[in-house]
Amino acid sequence: MHIDIAWQDVDTVLLDMDGTLLDLAFDNHFWQKLVPETVSLERGISLDEAHLLIAREYHAVQHTLNWYCLDYWSERLGLDICAMTTAQGPNAVLREDTVPFLDALKACGKRRILLTNAHPYNLAVKLEHTGLAQHLDLLLSTHTFGYPKEDQRLWQAVAAHTGLDEARTVFIDDSEPILDAAAKFGIRYCLGVTNPDSGMADKIYQRHPALNDYRRLIPSLRVKESP
């Protein structure tokens, strides 16, 4: 789908973190490889059994806040997920197109708000190792509000908290169900990210326009409003 944003009518840009501003390779390695390997070792079960067990656990809470909650997974899996996150922290990296885009948004006077389902501890570790915070105006974890981005109550709370006008807002995320939720709430522009994980094939979005490099948005962003 073609991306056509009337930037002169946009005040606020909401941005997901993992897979949107940061390379999702970090999370995919952590949850799909490191956690099953650790469960396999700790419980003395095969890696295949560990993968099956974890797939069932993940599926049971998908699209709920527990899916993103480190405390929940520590308890469910009997692992110190926070300690594991700390150890892996140096592997968190920004996408190459993140800083140029965020800096361009700032130069054009747009408010840049991080809206992540990531647990606050996870967020803090990633901020420490990537320097992302200095390129944003506000950082929000949905855990603060008690609902994930998949829930309409979260959008109501965020709109009340930030004063955003949904008709003048762009939202970028790498999850189509989350983009659906934002669009349902009334966010005018909802964009997908086709390459959240630098090591995997591009994703295809069925219902939303998507792109693989934010730098493609910068020329239209910088076009001045006609007098």
Pairwise side-chain contact, Leu115 with Asp173, heavy-atom cut-off 4.5 Å (strictly under) | no

With no hydrogens and no angle check, do the side chains of Asn91 and His129 hold a donor and an acceptor under 3.5 Å apart?
-> no

Stepwise side-chain contact (heavy atoms from CB on, under 4.5 Å) check, Leu53 with Glu57 | CA-CA 6 Å; Leu53 181 154; Glu57 291 283 355; 4.2 Å; yes

Can you check whether Leu15 reaches Leu102 side chain to side chain, under 4.5 Å on heavy atoms?
-> yes

Side chain Ser74, main chain Ile81, donor-acceptor under 3.5 Å = yes

Thr20 versus Arg95, closest heavy-atom pair with distance = O-CD, 2.9 Å

Verify same cluster id: Met84, Leu47 (apolar side-chain graph, 4.5 Å) | no

side-chain contact (heavy atoms from CB on, under 4.5 Å) evaluation trace for Arg222 with Trp7 = CA-CA 9 Å; Arg222 287 181 172 156; Trp7 285 107; over 6 Å; no

Ala87 and Pro90: which non-hydrogen atoms are nearest, and at how many Å?
-> O-CD, 3.5 Å

Answer yes if Leu140 and Leu14 sit in the same cluster of Ile, Leu, Val, Met, Phe, Trp and Tyr residues linked by side chain heavy atoms under 4.5 Å apart, and no otherwise.
-> yes

Residues Arg76, Val61; criterion side-chain contact (heavy atoms from CB on, under 4.5 Å); working and verdict | CA-CA 11 Å; Arg76 287 296 298 176; Val61 292; over 6 Å; no

Taking Lys203 for the side chain and Asp174 for the main chain, is one N or O donor matched with an acceptor at less than 3.5 Å?
-> yes

Enter the distance from Leu114:CG to Asp137:CG here, rounded to the nearest 0.5 Å.
-> 11.0 Å

Heavy-atom check, side chain of Tyr58 versus side chain of Val35, under 4.5 Å = yes

Do any N or O atoms from the side chain of Glu176 and from the backbone of Arg207 form a donor-acceptor pair under 3.5 angstrom?
-> yes

Can you tell which of Thr130, Thr98, Asp103 makes a side chain to side chain donor-acceptor pair (under 3.5 Å) with His135?
-> Asp103

Measure the shortest side-chain to side-chain distance between Leu65 and Tyr147 over non-hydrogen atoms and say whether it is less than 4.5 angstrom.
-> no

May I ask you to check whether over 12 heavy atoms, not counting those of Glu75, lie within 6.0 Å of atom CD?
-> no

From Leu136 atom CG to Met17 atom CE, the distance as rounded to the nearest 0.5 Å = 10.5 Å

So if you build clusters from Ile, Leu, Val, Met, Phe, Trp, Tyr with side-chain heavy-atom gaps below 4.5 Å, do Leu34 and Met200 land together?
-> no

To the nearest 0.5 Å, how far apart are CD in Glu150 and OG1 in Thr64?
-> 8.0 Å

Is the closest side-chain donor-acceptor distance between Tyr68 and Asn117 under 3.5 Å?
-> yes

Between Leu105 and Leu221, is any pair of side-chain heavy atoms under 4.5 Å apart?
-> yes

Phe185 reachable from Leu179 in the ILVMFWY side-chain graph, under 4.5 Å edges = yes

Could you tell me whether the side chain of Trp67 reaches within less than 4.5 Å of the side chain of Pro148, counting heavy atoms only?
-> no

Evaluate the side-chain proximity of Val158 to His161: yes if any heavy-atom separation is below 4.5 Å, no if none is.
-> no

So which pairs with a foot in residues 84-120 pass ring-ring contact (aromatic ring centres under 6.0 Å, His included), sequence neighbours left out?
-> Phe101-Tyr214, His119-His143

Nearest atoms (heavy-atom pairs only) where Val170 meets Leu191 = CG1-CD1, 4.4 Å

Do Leu41 and Leu79 belong to the same hydrophobic cluster, where Ile, Leu, Val, Met, Phe, Trp and Tyr are linked whenever their side-chain heavy atoms lie under 4.5 Å apart, directly or via other members?
-> no

Spatial distance of atom CG (Leu123) from atom OG1 (Thr144) [nearest 0.5 Å] | 9.0 Å

Examine the side chains of Thr194 and Asn212 and answer whether a donor and an acceptor come within less than 3.5 Å of each other.
-> no

Crowded around Gln152 CD? As in, over 12 foreign heavy atoms under 6.0 Å?
-> yes

side-chain contact (heavy atoms from CB on, under 4.5 Å) evaluation trace for Leu77 with Thr38 = CA-CA 10 Å; Leu77 300 176; Thr38 308; over 6 Å; no

Without swapping roles, check the side chain of Tyr121 against the backbone of Thr85 for a donor-acceptor pair under 3.5 Å.
-> no

Would you say the side-chain atoms of Thr116 pair up with the backbone N or O of Asp16, donor to acceptor, closer than 3.5 Å?
-> no

Validation row: Asp151, Thr142 side chains within 4.5 angstrom (heavy atoms) = no

Answer yes or no: is there a donor N or O on one side and an acceptor on the other, between the side chain of Arg153 and the main chain of Gly146, under 3.5 Å?
-> no

Nearest 0.5 Å please: distance from the CG atom of Asp9 over to the CD1 atom of Ile5.
-> 11.5 Å

Give a yes or no answer on whether the side chain of Ser141 reaches the backbone of Ala118 with a donor-acceptor pair at less than 3.5 Å.
-> yes

Which one of Arg111, Arg168, Lys110 satisfies the salt bridge (Lys or Arg N to Asp or Glu O under 4.0 Å) criterion with Asp11?
-> Arg168

Distance in Å, Thr12 OG1 paired with Phe171 CZ, rounded so as to fall on 0.5 Å steps | 13.0 Å

Indicate the atoms forming the closest heavy-atom contact of Cys190 with Ala183, along with that distance.
-> SG-N, 3.7 Å

Over all heavy atoms of both residues, which pair between Ser46 and Ser40 is shortest? Give the atoms and the distance, please.
-> C-OG, 3.7 Å

Taking all heavy atoms of Ala25 and all of Asp23, pick out the closest pair and write down the distance.
-> N-OD1, 2.9 Å

Would a line drawn from the ring center of Phe145 to the ring center of Trp155 be shorter than 6.0 Å?
-> no

Please collect all salt bridge (charged side-chain N to carboxylate O under 4.0 Å, His left out) contacts where either partner lies in residues 33-55, sequence neighbours excluded, each pair once.
-> Lys33-Glu37

